[in-house]
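Some notes on the structure that comes next.
Order of the sequence lines fixes the chain letters, A, B, ..., with proteins taken first and strands second; residue numbering starts at 1 for each chain.
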Number of protein chains: 2
Amino acid sequence: MSDLPAASYATSLPFLLSQVGARAGQLFAARLAPLGVSPRAFGVLSNLTGTSGRTQQQLADALGMHRNNMVGLIDEMEAAGWVRRHRSAQDRRAFEIRLTPAGAVLVDQVTALIPPMEAEIVGDLTPDDRHALVDLLVQVAATLQLDPGIHPHLRARSRSACAAPDSPASDSTDSRN
Amino acid sequence: MSDLPAASYATSLPFLLSQVGARAGQLFAARLAPLGVSPRAFGVLSNLTGTSGRTQQQLADALGMHRNNMVGLIDEMEAAGWVRRHRSAQDRRAFEIRLTPAGAVLVDQVTALIPPMEAEIVGDLTPDDRHALVDLLVQVAATLQLDPGIHPHLRARSRSACAAPDSPASDSTDSRN
DNA sequence: AAGTGATTGTCACCTTACATGACAATCACT
DNA sequence: AGTGATTGTCATGTAAGGTGACAATCACTT
């Protein structure tokens with residue numbers, strides 16, 4: 001211990017962002033856990049507020065996840081009483097997922113948890129610094145072609161998440177993750 | 001589509017950091033993949049440069065991961081020819097993990113990949129903005145009590161990663177996740 | 001020197017989560 | 001009516017991480 005002068009990667013943006021982001025994600029999940037909500041469930045619920053009655057397929061498309069994985073997620077949320085499945089009148093194959101009052105309350109509860117989480121992350125940063133950080137992150141998010149509010153982990157976990165710019169066809173993927 | 005004005009969480013620091021960080025992690029892994037290295041393997045290799053001859057337990061402690069998971073990781077890296085196990089003279093239970101020349105070359109290769117990755121993330125940001133972002137992230141990392149160069153995902157995945165500040169004893173964890 | 005507990009590396013088992021492919025029901029279109 | 005596509009669902013396989021136990025070795029005591 002007390003050995004190397006922190007390798008160069010440790011202060012690089014790719015690692016730093018991944019490191020801090022992973023922690024922020026853990027924090028996010030940990031703060032939501034007492035309410036019994038997973039981050040991805042909250043994503044669905046949040047996407048449901050205001051425009052209730054979207055089908056599972058529409059939700060899956062909006063969040064960038066596969067419809068198969070949406071089934072179990074809706075199951076849990078319906079069991080928790082946050083949403084309900086209603087047969088669509090236009091398309092009797094589809095279910096309209098409607099937010100229940102309890103679900104709306106939950107979204108409000110989670111939303112109320114965000115400011116304290118911000119405080120935990122911001123620490124001693126000045127309001128100006130905080131705003132600058134958010135602004136810079138939004139720019140980086142745009143550079144990385146991220147859709148606002150859509151978390152990359154909802155998509156395929158590690159499957160061709162980022163196409164290499166120079167490598168021709170990196171479909172080998174025999175490597176780990 | 002073209003529906004809600006991006007929910008408030010989407011521009012919050014917890015989500016934004018997690019979102020951008022997840023993408024950065026995917027990018028990091030994707031760029032390392034052509035070399036056949038996983039991010040965690042690189043973490044071990046990087047920790048080995050300069051102070052070669054650390055035992056698996058020391059490496060596990062340094063990176064915050066469990067020694068059981070280190071076994072397979074060292075297996076892969078030894079099979080790849082990046083490291084070799086040597087019986088420790090002081091402690092014949094332990095293996096000294098020594099970096100091979102090929103392993104040192106690999107670390108250099110990965111290090112050379114970082115600047116292009118930075119460019120992908122930085123985008124059109126000015127050098128001043130980039131430096132400001134790194135500086136702010138370092139401060140946030142310190143606030144979150146992150147050790148430089150140690151990625152949270154090497155530790156327990158989502159198990160009590162962040163102790164709640166207000167909740168007394170959240171070991172219930174009967175909730176999904 | 002022998003004994004006791006702790007430590008190191010290893011292995012086997014279990015659980016979880018994700019991806020894949022197939023299926024019945026329904027739609028859109030001919 | 002018929003054909004292909006779509007929606008939700010389910011069953012399967014696969015990969016990764018966590019847990020507990022084990023032989024070998026160490027550190028310490030008596």
In whole angstrom, what separates [X]'s [atom1] from [N]'s [atom2]?
X     : N      : atom1 : atom2 : value
A:D75 : C:dA17 : CG    : P     : 14 Å
A:E76 : C:dT16 : CD    : P     : 12 Å
B:Q90 : D:dC26 : CD    : C1'   : 13 Å
B:N69 : C:dA12 : CG    : P     : 16 Å
B:I74 : C:dT10 : CD1   : P     : 9 Å
B:L63 : D:dG17 : CG    : P     : 14 Å
B:L73 : D:dG18 : CG    : C1'   : 16 Å
B:M65 : C:dT10 : CE    : P     : 13 Å

Side-chain contact, heavy-atom cut-off 4.5 Å: A:P152 with A:L146? yes

With heavy-atom distances below 4.5 Å as the criterion, would you say the side chains of A:N69 and A:L73 are in contact? no

Say whether, by atom type as modelled, one donor and one acceptor occur between the side chain of B:E118 and the main chain of A:L13 under 3.5 angstrom. yes

Counting only N and O atoms by type, is there a donor-acceptor contact under 3.5 Å from the side chain of B:S18 to the main-chain atoms of B:P14? no

Just grab all the ring pair (Phe, Tyr, Trp, His ring centres under 6.0 Å) pairs involving residues 69-125 of chain A, residues at least two apart or on different chains. none

I need the full list of ring pair (Phe, Tyr, Trp, His ring centres under 6.0 Å) pairs touching residues 38-64 of chain B, with sequence neighbours left out, sorted by first then second residue. A:Y9-B:F42

Taking any strand in view, what nucleotide pairs with C:dC29 in a Watson-Crick or G-U wobble way, both distances under 3.5 Å? D:dG2

Tabulate atom names and distances for all N/O pairs under 3.5 angstrom spanning the protein and nucleotides 1-8 of chain D.
from	atom 1	to	atom 2	distance (Å)
D:dT6	O2	A:R93	NH1	2.4
D:dG8	OP1	A:Q56	N	2.9
D:dG8	OP2	A:Q57	N	2.6

